[in-house]
2 protein chains.
Amino acid sequence: MPSDPGDLGARLRESGLRLTPQRELILRAVEELGHATPDEVLAQVRTHASSVNASTVYRTLEVLEELGLVRHTHLSDRAPTYHSTREPEHFHVVCRRCGVVRSVDPEVAAPLVEALEREHGFSPDLGHLALFGVCSACSSESPATQ
Amino acid sequence: MPSDPGDLGARLRESGLRLTPQRELILRAVEELGHATPDEVLAQVRTHASSVNASTVYRTLEVLEELGLVRHTHLSDRAPTYHSTREPEHFHVVCRRCGVVRSVDPEVAAPLVEALEREHGFSPDLGHLALFGVCSACSSESPATQ
DNA sequence: GTTAATGCAAATTGTTTGCACTTTC
DNA sequence: GAAAGTGCAAACAATTTGCATTAAC
């Protein structure tokens with residue numbers, strides 16, 4: 001699912017921004033990795049190109065997020081992870097014990113979304129959501145341990 | 001709702017840990033502040049006591065969390081915020097535009113919890129959850145802007 | 001040729017660690 | 001008085017910023 005550079009260029013130009021090889025490489029890296037921290041994106045870019053600077057990665061991820069081409073979420077207490085918005089919208093569940101991350105169809109959360117809108121006038125953004133907990137494999141293994 | 005020092009002391013002793021003035025002050029600060037980052041806790045402690053070291057705040061919040069007396073969640077992309085578990089269990093919704101944080105009864109998310117358990121065998125921990133989105137005041141003000 | 005974008009190095013922010021000293025039990 | 005806890009300073013990780021240089025348009 002490599003990125004279509006024309007699309008990126010068009011989106012950038014709409015906002016008076018410029019298409020650079022770094023921006024193409026960084027978007028491509030995010031798409032290849034699925035979910036990745038800025039550091040991982042940097043490492044991935046370096047497998048293709050000689051080098052890109054870390055600050056360029058941060059600046060570019062910010063730009064790509066403003067353009068709506070990537071999103072970020074927090075899958076750990078450490079660095080955020082970015083993913084392409086070409087993937088269908090989803091939220092994440094993360095197992096605290098084994099660390100496994102699964103993407104979940106937002107439809108599952110529809111009742112929650114409706115209740116929050118109805119009862120609190122609040123429109124949640126599920127794309128940013130990561131829910132921590134314990135997966136089935138881990139809870140059957142050692143139900144007592146938290 | 002100041003903390004009962006006897007309770008803290010008892011919990012600590014159960015685990016072979018010691019009751020210190022710093023630990024009392026830090027727990028008290030968290031309870032007074034409602035939701036606070038380590039930095040804010042430090043500042044609050046200093047309004048009572050001459051001084052406590054920042055590393056003691058980090059170490060103590062970790063201990064208090066292990067004892068189940070406080071919990072943390074991520075209400076921003078920056079530092080985590082801690083709150084007392086004396087508050088009834090809740091999760092948080094955060095408005096991206098005005099920054100307002102509201103606590104929500106976990107009952108609202110019961111259908112989501114059940115669906116995740118049924119369909120994915122996943123038991124989510126709502127206490128750690130912060131949902132980002134837009135509150136009613138902000139969405140009526142300027143519905144177009146994200 | 002203008003202006004945006006990048007690279008680099010230094011500054012910031014949030015957090016952790018090693019170790020000598022202090023305090024609790 | 002033994003072991004746990006604290007303070008302090010230094011190390012660390014992730015990110016941001018200022019500014020000179022480079023590249024897109």
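Computation of the quantities below employed the complete heavy-atom set of this structure, encompassing side-chain atoms and omitting hydrogens, waters and symmetry-equivalent molecules. Every chain is numbered from 1 and lettered A, B, ... according to where its sequence line falls, protein lines coming before strand lines. Values in this document were obtained by computation on a predicted structure and should not be read as measured data.
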A:Glu24 and A:His48 side chains, donor-acceptor separation under 3.5 Å:
no
Under 3.5 Å side-chain donor-acceptor pair for B:Arg102 and A:His120
yes
Counting only side-chain heavy atoms from C-beta out, which of [options] sits nearest to [X]?
{"X": "A:Pro21", "options": "C:dT6, D:dT15, D:dA24", "value": "D:dA24"}
{"X": "B:Thr56", "options": "C:dA5, D:dT16, D:dT6", "value": "D:dT6"}
{"X": "A:Ala79", "options": "C:dA5, D:dC25, D:dA14", "value": "D:dA14"}
{"X": "A:Asn53", "options": "C:dC25, C:dG7, D:dT6", "value": "C:dG7"}

Between B:Gln22 and C:dT23, is there a contact of a side-chain N or O with OP1 or OP2 at under 4.0 Å?
no
Does the distance from a Lys or Arg side-chain N to an Asp or Glu carboxylate O, for B:Arg78 and B:Asp39, drop under 4.0 Å?
no
Candidate pair B:His92 and B:Leu75, rule side-chain contact (heavy atoms from CB on, under 4.5 Å), full reasoning:
CA-CA 8 Å; B:His92 302 92; B:Leu75 301 183; 3.7 Å; yes
Separation of [N] [atom2] from [X] [atom1] (nearest whole Å):
{"X": "B:Glu24", "N": "D:dG5", "atom1": "CD", "atom2": "P", "result": "14 Å"}
{"X": "B:Tyr82", "N": "C:dT15", "atom1": "OH", "atom2": "P", "result": "7 Å"}
{"X": "B:Asp77", "N": "C:dG14", "atom1": "CG", "atom2": "C1'", "result": "14 Å"}
{"X": "B:Tyr58", "N": "D:dA13", "atom1": "OH", "atom2": "P", "result": "16 Å"}
{"X": "A:Leu19", "N": "C:dT3", "atom1": "CG", "atom2": "C1'", "result": "16 Å"}
{"X": "A:Leu25", "N": "C:dG7", "atom1": "CG", "atom2": "P", "result": "10 Å"}
{"X": "B:Arg18", "N": "D:dG1", "atom1": "CZ", "atom2": "P", "result": "15 Å"}
{"X": "B:Arg46", "N": "D:dG7", "atom1": "CZ", "atom2": "C1'", "result": "11 Å"}

Fit a plane to each ring of B:Tyr82 and B:His72, take the angle between them on a 0 to 90° scale, and name the class: parallel (under 30°), tilted (30 to 60°) or perpendicular (over 60°).
tilted
For C:dG7, does the base pair up with any side-chain atom of A:Arg59 as donor and acceptor (N or O, under 3.5 Å, distance only)?
yes
Closest nucleotide of DNA chain D for B:Ser55 versus for B:Leu17: which of these residues is on the 5' side?
B:Leu17
